[in-house]
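All heavy atoms count here, side chains included; hydrogens, waters and symmetry mates do not. Letters go in sequence order (proteins before strands), and every chain restarts at 1.
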Amino acid sequence: MLRTSVKSRLQAVYAQKKFVPLILSPICMSYLDELNESQRIAVEHIYGPSMVIAGAGSGKTRVLTFRIAYMIEQGIDPFNIMALTFTNKAAREMTERIGKITGASEAKNITMGTFHSVFSRILRYNADRLGFPSNFTIYDTQDSKSLIKDIIKEFALDDKTYKASGVLNRISAAKNNLISAEAYCNNDEIQGEDRMSRRPEIGRIYLQYANRCQKAGAMDFDDLLYFTNVLLTEHPDVLHYYQQKFKYILVDEYQDTNFAQYLIVKKLAAAYENLCVVGDDAQSIYSFRGANIENILNFRKDYPDFHLFKLEQNYRSTQTIVDAANSVIQRNQDQIKKVVWTENGKGKPISVVRTLTDNEEGRVIAGKIFEVQEALGSSYNDFAILYRTNKQSRSFEEALRKLNIPYKIYGGLSFYQRKEIKDVLAYFRLAANPRDEEALKRVINYPKRGIGKTSVENLIISAGRNGVSMWEVLCDFTAYPTDVSTSTRQKMHEFTVMVQSFQAELNKVDAYTLAERIVKSSGILAELHQDKDKGPEEMERIQNVEELLAGLLEFTKGAEEDELKTLSDFLMDVALLTDADQEKTEEKNHVSLMTIHSSKGLEFPYVYIVGMEENLFPSQLSTSSRTELEEERRLFYVAITRAMLSCTLSYAGTRFLWNQSLKSEPSRFLNEIDAQYLQLESPARSLGGKSLMGGGMDRSFTGGLNTKMNPPVIPKSFKSLQDVSAQRPSNQGNFDQIMVGTNVEHSRFGKGRVTKIEGAGADKKAVIFFPHHGSKTVLLQFANLKVI
DNA sequence: GCGACTTCCATTTTT
DNA sequence: TGGAAGTCGC
């Protein structure tokens, strides 16, 4: 409290004079001390263009957080800072952490979020300039595909050559490279490509798609970037405004930005060039989404006088894990050379587990997690199972459930993608923007009100013929003649009146009140209640809708005084939320299951990378070119470097796919890890004689499948004891002696005194105060402390 | 217009 | 396997 008022007075001073506020330095010192030399230099360099290349686990987030906090402490107005992150969750966490240093009221004024969410806000504000309503809808991928399907049908094209997803990918790639539909049709090279793939009509579909989106008052994900660029290019006054507003720009995960994002950032930063980008080329894993590694490499061209900072010390993982990951990534040709190193302890080797089937893989990994957890008393939060594709989660789910181990699957079908939620949201969307055609199509006959497919098709035809949206036709059949019967027309009219009544209340009542009304009077709730006795899934649907309403209530309560949080405020970025964003306060205790992609930026003491098989990882679709394969390899690098203490790789001999067992070969990546870091394991099986895996000597995985050797028969219980003892650090004996008040000596920081103990087992941590280095938190496992 | 039925087809990652 | 699209009879 006190600090805020002192600060605000100081800030009034800064506003007039531009000098470094020495008075605040003591506050800064406290956290700057927690940084190593290169981190601190990167934090303190706040003017001009700079690039931070941050190796895995090198404290990148911490540098970003402290840098922003430092900027604010230096008197920079938070309103002038824009920080673009990769997920909303990352943005939220960073705001929170900055708030702890500078005070929450300062932190909340920073413009922070994903490219998509920050730009969607800018677009809403300036929508009129682009001919969109300010409450435009954001189409998600499903909406986009459904619209494209309609267009393909309308053009009477063969839906086998023109698949919605393929066409959408093509359009998406164009937008990410800022190519308009017109430019697409006039570009010879692109047209040539489309003729080659025998889909010459994609350009025409793109034109129509853009047209329909515009009429519906809707933007898709890519439009949020595409139109931001249009806005800034065609309206110099708008560009000027945002250049002045965002004098300081930070971009996280720069290696995963695409051309559109690159250009927008470049434009916004052009006036002041206070631009800081942070990234790691070795972790670029989104090129399929248009991400362009070149952006990192080109930075020096755009800003020749930029400063480069490299963070190479890894604080996350054991020596073995860091070295193994390095040995993998070294095989890539395209990379910025850097040496990631660590002072952490050596740790145990990466174990490689082979199982006969994918189901057995699930059981073995679940069993291992169970054993480690039992033996060390770790929290289940410490474990993660990472896979290449979402559908691999099944065998692990089953096995974990059988062992009563709590787990959570991230990604996959998110809450907002569930049918019942999308249905409700479609009504919400219509209330905010009745021209939203995808929402309209979705619920015009749900719950059933006798408006069939043919009638809807005729409605679309009439809208197309008259060059208006479906909603406008619905509102005025006399102006737009439509081929539907009088009785259907009457039903449509009733529907229209209902939506209009929702629309009328949009800005009069709060989000929750309107939402509740919609759910009731649309008949959705009644419909769901009718089916609730059919089974648990039907019951769950009602619960999900209730959860959505509960979320809305919370949202509505979050309003400031005199503020009305409307349903359209709520809808603003619902389309941009992901499962990870939904995560409630960290009261969890569960094993995390997720794709490697969604594990980016996270870390876990125990990591299991599963499905290490050819054609699965690397994916079958990515083995045809070097660049694709290198991306898969970076993905593998990301996976390994999530692990702090222990990393386990597993693969199965056969995998059950499309109702048949398919033989699978071990992944080539297994052979790419320097063998000195590996330890092969043959899981003991209850069924004797079936194991094909040799002892620890066979290093060649590709040949290993058919090598018959007699495995040493180790009873399961004994085996598990062995495993666990291997995890126990050698200096375990020291652990118990270390408590609050113990004087210790650290190899790097010298003598110090323990002020706090956290965690248990392998995770036991000590906060130690070193006279010359300040307070440090160390993992006892790694720290190699001497008790004095 | 609607629901029950059959058939077909998948196979990557996500804001 | 399982979800989506197409077919058929009311």
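A salt bridge between Arg92(A) and Glu96(A) is absent, with no side-chain N of the basic residue lying under 4.0 Å from a carboxylate O of the acidic one. No salt bridge links Asp220(A) with Lys145(A); every basic N to acidic carboxylate O contact stays at or beyond 4.0 Å. Ion pairing between a basic and an acidic side chain is recognised when a charged N comes within 4.0 Å of a carboxylate O; Asp140(A) and Lys422(A) show such pairing.
OP1 or OP2 of dT12(B) has not a single side-chain nitrogen or oxygen of Ser622(A) nearer than 4.0 Å. Applying the 4.0 Å criterion to OP1 and OP2 of dG1(B), one finds that Ser455(A) has a side-chain N or O inside that range. At least one side-chain nitrogen or oxygen of Asn390(A) sits closer than 4.0 Å to the OP1 or OP2 atom of dT14(B).
Here Thr454(A) lies in heavy-atom contact (under 4.0 Å) with sugar-phosphate atoms only. Nucleic acid contact class of Lys153(A) (heavy atoms, under 4.0 Å, all strands): none. Looking at heavy-atom distances under 4.0 Å, Lys491(A) makes no contact with the nucleic acid at all. Within the nucleic acid shown, Tyr286(A) comes within 4.0 Å of sugar-phosphate atoms alone, with no base atom in reach, counting heavy atoms only. Contact annotation for Asn445(A): backbone-only contact, meaning every heavy-atom pair under 4.0 Å involves sugar-phosphate atoms and none involves a base.
We find that the ring of Phe288(A) and the base of dT12(B) do not stack by the test of centres under 5.5 angstrom and planes tilted less than 30°.
Both tests do not hold together for Arg199(A) against Tyr162(A): distance to the six-membered ring centre under 6.0 Å, angle to the ring axis within 45°.
Where DNA chain C meets chain A (any atom under 4.0 Å from a heavy atom), the bounding nucleotides read 5' to 3' are dT1(C) to dA5(C).
Of the P atoms belonging to dT13(B) and dA4(C), the separation is 16 Å, rounded to the nearest Å.
Glu253(A) places its CD atom 15 Å from the C1' atom of dT13(B), with the value rounded to the nearest Å. Per the geometry, NZ belonging to Lys453(A) stands 10 Å off P belonging to dG1(B), to the nearest Å. A straight line from CD1 of Ile285(A) to P of dT15(B) spans 11 Å, rounded to a whole angstrom. Going from atom CZ of Phe86(A) over to atom C1' of dT13(B) covers 10 Å, rounded to whole Å.
Among all heavy-atom pairs drawn from Gln283(A) and Gln255(A), the shortest one is O-NE2, 3.6 Å.
Distances from the side chain of Leu621(A) to the nucleotides dA10(B), dT14(B), dT12(B) place dT12(B) closest. You'll find that the side chain of Lys448(A) is closest to dC2(B), out of dC9(B), dC2(B), dT12(B).
Under the side-chain hydrogen bond (donor to acceptor under 3.5 Å, both in side chains) test applied with Glu631(A), the options Ser622(A), Ser287(A), Ser619(A) reduce to a single match, Ser287(A).
The main-chain N or O of Met492(A) is found under 3.5 Å from a side-chain atom of Thr496(A) such that the two form a donor-acceptor pair.
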